[in-house]
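Numbering of ligands and ligand atoms starts at 1, following listing order. We're numbering straight along the sequence, starting at 1. Because the structure is a prediction, the values reported are computed rather than measured.
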Amino acid sequence: MENSVDEILKQIKEEVINLKESPLYSIRVQNKVFPVIGEGNHQAKIMFIGEAPGKNEALTGRPFCGAAGRILTEMLDSIGLDRKDVYITNIVKDRPPDNRDPMPNEIALYAPFLDRQIDAIKPKVIATLGRFSMAYIMERLGLKDSLSSISQMHGKTFGAKSTFGEVKIVPLYHPAVALYQNSLKKDLFEDFKAIKNLI
Ligand code: URA
């Protein structure tokens with residue numbers, strides 16, 4: 001019998017917890033913090049994919065629970081969605097030190113877990129938050145040729161074929177940009193309306 005989504009996600013969590021080959025594993029253990037696997041509805045029609053946990057996320061084990069997370073919650077609210085309606089995760093599941101960008105080897109190591117999360121949840125829409133998850137998802141779903149800068153791509157919808165059928169990809173700015181650039185915050189809220197029309 002096929003494993004249930006809950007079982008697959010639990011298995012992924014166990015594997016990430018024990019991912020000793022990750023360069024971020026020993027930092028996690030040393031700092032007594034948590035990996036951030038993802039949270040939300042396991043049957044979600046929409047998945048949000050960020051970059052990597054920040055300080056608050058590593059302290060709690062929950063994605064987007066700090067200042068950027070408050071923006072994300074606000075945006076969901078603006079289109080009548082609750083965090084419980086969607087699934088929120090990151091490419092990299094452990095916090096890179098000093099909030100540096102994720103490195104290519106870290107993305108390569110953690111991305112297969114993200115792929116399995118996507119295959120288990122089978123969302124209709126994948127909204128990427130920031131340029132790292134945008135680049136990864138576009139390439140992964142065969143749209144490398146459509147990839148350009150996030151300022152060109154944000155808020156547009158790209159159709160792709162996945163192992164479980166059609167999926168729409170909507171690249172969005174990372175919510176953290178809204179914290180220090182008001183014009184981009186406006187763009188983000190505007191782009192969110194596109195998501196509402198897709199689900
Ligand atoms: N930034 C991210 O990309 N992910 C989080 O979970 C928090 C902040």
N/O to N/O below 3.5 Å, does that happen between Phe64 and ligand 1? yes
The protein heavy atom nearest to atom 2 (C) of ligand 1 is Ala52 O, 3.1 Å
Which residue and non-hydrogen atom of the protein lie closest to atom 1 (N) of ligand 1, and at what distance in Å? His174 NE2, 3.2 Å
Below a 4.0 angstrom heavy-atom separation, can you tell me which part of Glu51, side chain or backbone, both or neither, approaches ligand 1? both
Contact with ligand 1 for Asn90, non-hydrogen, under 4.0 angstrom: yes
If the contact criterion is a heavy-atom separation under 4.0 Å, does Arg62 count as touching ligand 1? no
Under 3.5 Å, is there a donor-acceptor pair between the side chain of Thr89 and the main chain of Ile37? yes
Quick check on the hydrophobic clustering: are Ile17 and Val92 connected, directly or via other members, by side-chain heavy-atom contacts under 4.5 Å? no
Give a yes or no on this: more than 12 heavy atoms of other residues, nucleotides or ligands lie within 6.0 Å of atom CZ of Arg140. no
Is the centre of the Phe48 ring less than 6.0 Å from the centre of the Phe192 ring? yes
The residue among Lys186, His154, Met75 that forms side chain to side chain contact (heavy atoms under 4.5 Å, CB included) with Asp191 is His154
